[in-house]
Amino acid sequence: MTVRKGKPLAISIQENMAIDVCPGPIRPIRQISAYFPRLSPTSSFTEPLSPNHKAAPTSLSPGSMGQGGGAAGGGGGGSSLLSPLLPGAGGGGGSLSAMSSMDTSIEIDSCDSDDSTSLGTLQFDLLYERATSSLHCTVLRAKGLKPMDFNGLADPYVKLHLLPGACKANKLKTKTVRNTLNPVWNETLTYCGITEEDMYRKTLRVSVCDEDKLTHNEFIGESRVALRRLKPDQTKHYNICLEHPPPLPSPTAMSTALRGISCYLREWETEQHRSLEERGRLLLCLQFLPPSAADDDVKGEAKERARGGLCVGVKRCAHLAAMDVNGFSDPYVKTYLKPDVHKKSKHKTAVIKKTLNPEFNEEFFYEITFSELASKTLEVTVWDYDLGKSNDFIGGVSFGCHSQGETLQHWIDCLKNKGKKVERWHTLTNELPGSSLQE
């Protein structure tokens, strides 16, 4: 401290209180961004301190005390007394902020932990087509993935999964790009049978994994997109940072009472999920053909259709429940027009082996009048074929005047638009009213 002789040093009570209470510069409160070095706004503007750097001494000269007093309403002299005099600094306030930001950046850059390790970024596009009820995901590329192999590279691929839903039925996968941390796929994966209700309540999980031939595949990172944010028939581009999967709640951290309650709630929730488990989707085309005059030369099926009746087109299924131990099913579809006393209305498609998304593209015709159709019920069921034992029921849907929701609307549209094909997706249910569900 330097004091000029011959002149008394006059320091006010406020300045004494400030010196005693605040002997050094006040450090700012650390924010969330201070814990992430790559997102620090000060790291690119500050430079590390050199080993030869020394802090300048604090000056208490009366000359500095008497200058600039009106700048801060009489308190400017006190602030200049407390400011360290850095080389090249124009004012005390700027020197304080520069020193504080430099100290903060040094602490941020010294942070070294697993949480600050980047997993990489992923770019993809999402498009929902309302007319075809399909969701298209175009996986473009990834950048800066985390190395997973001993050579410092990875063999990445992208896996899609709709939540909630069965794993096998909702999983789509891209090709694997070898030995790179910046893979390019440019591959489009499509989900069929996605209704507007699914878009409102489902979430798309996009995960990046590393393929290993000798051992199990390793997880790199993931991202989850709520499908309700998409607008129909509009492509949305995503460029996201991969994240770790959300941690599962551990019951060991609870007390004994809470642990018992959580186990009870978990069992109850599992039962609810089983009762409301999705069995899959069915794309069905209904067409009522009115009777028309047919030529005498016309024979066979064409002559039967000329008499009029109901045409049922079984197009495809999507996201079927897995009924076999290999995680797949061998599905086929059966149709009935009930009540059927003589059991002559049964039609059956071909069996498609080992798939959860079969395509049938088969049509069945029922010769029936419009008045008779009003008292009938069309039952469409999906089964899993098993050799040597009874086949497993996957799910079904029924159409008629006693139906509800989408099935009733589909049936009404078919009867109103005579001669036109009406195609809709339907959700399979576990049980059908008034059906024995026997093969």
Side-chain angles (χ1 to χ4, degrees), residues 122-140 142 156-175 185 187-209 217 219-238 240 242-246 248 269-270 272-283 315-324 326-329 331 354-359 382 384 394-395 397 406 424-430:
L122 179 66
Q123 298 182 27
F124 59 93
D125 295 335
L126 290 179
L127 171 63
Y128 174 67
E129 293 183 356
R130 179 182 293 173
T132 59
S133 299
S134 57
L135 176 65
H136 305 279
C137 178
T138 303
V139 183
L140 301 176
Y157 66 92
V158 177
K159 185 170 57 176
L160 304 182
H161 185 203
L162 280 177
L163 302 175
C167 181
K168 284 283 186 180
N170 289 328
K171 185 175 69 174
L172 297 178
K173 178 181 171 183
T174 65
K175 61 183 180 181
W185 290 283
E187 188 174 348
T188 301
L189 305 176
T190 302
Y191 282 104
C192 298
I194 303 299
T195 61
E196 294 186 7
E197 181 183 358
D198 294 332
M199 296 296 295
Y200 179 77
R201 67 185 185 89
K202 283 187 177 291
T203 300
L204 179 64
R205 178 191 181 195
V206 185
S207 57
V208 181
C209 301
N217 298 339
F219 178 84
I220 298 179
E222 71 169 24
S223 180
R224 304 192 180 194
V225 179
L227 297 182
R228 62 176 175 269
R229 299 179 181 178
L230 296 179
K231 296 182 179 180
D233 303 322
Q234 294 185 11
T235 303
K236 188 172 183 180
H237 179 74
Y238 289 88
I240 48 90
L242 298 176
E243 302 174 352
H244 294 283
L248 297 176
E269 187 176 2
T270 302
Q272 294 296 319
H273 280 302
R274 288 178 180 175
S275 61
L276 300 176
E277 182 182 4
E278 294 184 358
R279 311 296 291 181
R281 300 293 170 85
L282 173 66
L283 180 59
K315 298 297 182 179
R316 64 182 301 170
C317 294
H319 321 318
L320 293 180
M323 307 301 293
D324 298 336
N326 59 2
F328 293 96
S329 295
K354 198 177 179 180
T355 180
L356 299 177
N357 299 281
E359 293 188 23
V382 183
D384 169 57
I394 297 179
V397 61
E406 297 179 354
R424 302 279 174 81
W425 281 95
H426 296 280
T427 302
L428 301 178
T429 58
N430 295 334

Worksheet entry | Inter-residue atom distance Leu428.CG - Leu320.CG, 0.5 Å rounding | 6.5 Å
Worksheet entry | Value rounded to 0.5 Å, distance of CG in Leu122 from CD1 in Ile240 | 5.0 Å
Discussion item. Within the 3.5 Å criterion, strictly below it, is a donor on Asn357 or Arg316 matched to an acceptor on the partner's side chain?
Written reply: no
Worksheet item: CD1/Ile394 to CE/Met323 distance, rounded to the nearest 0.5 angstrom?
Response: 6.0 Å
Worksheet item: How would you list, by chain and number, every residue that makes a side-chain contact (heavy atoms from CB on, under 4.5 Å) with Lys173, sequence neighbours excluded?
Response: Tyr157
Worksheet item: Quick check: does any side chain N or O of Tyr128 sit under 3.5 Å from a backbone N or O of Ile194, one acting as donor and the other as acceptor?
Response: yes
Practice prompt. Taking all heavy atoms of Ser329 and all of Asp324, pick out the closest pair and write down the distance.
Written response: CA-OD2, 3.7 Å
Worksheet item: Going from OG1 on Thr427 to NE2 on His319, what distance comes out if it is rounded to the nearest 0.5 angstrom?
Response: 10.0 Å
Worksheet item: To the nearest 0.5 Å, how far apart are OG1 in Thr138 and CD in Gln123?
Response: 12.5 Å
Item to complete: Quick one: closest heavy-atom pair of Leu356 and Gly327, and the distance?
Response: CD1-O, 3.7 Å
Item to complete: For residues Tyr191 and Asp198, determine if any side-chain heavy atom of one lies less than 4.5 Å from a side-chain heavy atom of the other.
Response: no
Worksheet item: Among all residues two or more places apart in sequence or in another chain, which pass the side-chain contact (heavy atoms from CB on, under 4.5 Å) test with Glu406?
Response: His426
Worksheet item: What heavy-atom pair brings Trp425 and Ser133 nearest, and what distance separates the two atoms?
Response: CD1-CB, 3.6 Å
Worksheet item: What's the spacing between Thr203 OG1 and Leu227 CG if we round to 0.5 Å?
Response: 6.5 Å
Worksheet item: Which heavy atom in Pro331 sits nearest to a heavy atom in Val382, and how many Å separate them?
Response: CB-CG1, 4.3 Å
Discussion item. Just to verify, what does Glu196 make a side-chain hydrogen bond (donor to acceptor under 3.5 Å, both in side chains) with, not counting sequence neighbours?
Written reply: Arg130
Worksheet item: Sub-3.5 Å donor-acceptor pair from the side chain of Thr235 to the main-chain atoms of Leu127, do we have one?
Response: no
Worksheet item: Are Leu230 and Leu135 close enough, and set up right, to give a side chain to side chain contact (heavy atoms under 4.5 Å, CB included), and what steps lead you there?
Response: CA-CA 10 Å; Leu230 296 179; Leu135 176 65; 4.0 Å; yes
Worksheet item: Mind checking what makes ring-ring contact (aromatic ring centres under 6.0 Å, His included) contact with Phe219, not counting sequence neighbours?
Response: none
Worksheet item: Does Ala318 offer a backbone N or O that forms a donor-acceptor pair with the side chain of Arg281 under 3.5 Å?
Response: no
Fill in: For Thr190, side-chain contact (heavy atoms from CB on, under 4.5 Å) partners two or more places apart
Ser134, His136, Thr188, Cys192
Worksheet item: Who are the side-chain hydrogen bond (donor to acceptor under 3.5 Å, both in side chains) partners of Asp125, not counting sequence neighbours?
Response: His237
Worksheet entry | Under 3.5 Å: donor-acceptor pair, side chain of Lys159, backbone of Leu172 | no
Fill in: Any residue meeting salt bridge (charged side-chain N to carboxylate O under 4.0 Å, His left out) with Glu187, in chain and number order, not counting sequence neighbours
none
Worksheet item: Taking only residues two or more places apart in sequence or in another chain, which ones pass side-chain contact (heavy atoms from CB on, under 4.5 Å) with Val225?
Response: Phe124, Leu126, Tyr238
Practice prompt. Mind jotting down which residue pairs meet the side-chain hydrogen bond (donor to acceptor under 3.5 Å, both in side chains) criterion with at least one end in residues 219-232? Sequence neighbours excluded, please.
Written response: Arg205-Glu222, Glu222-Arg224
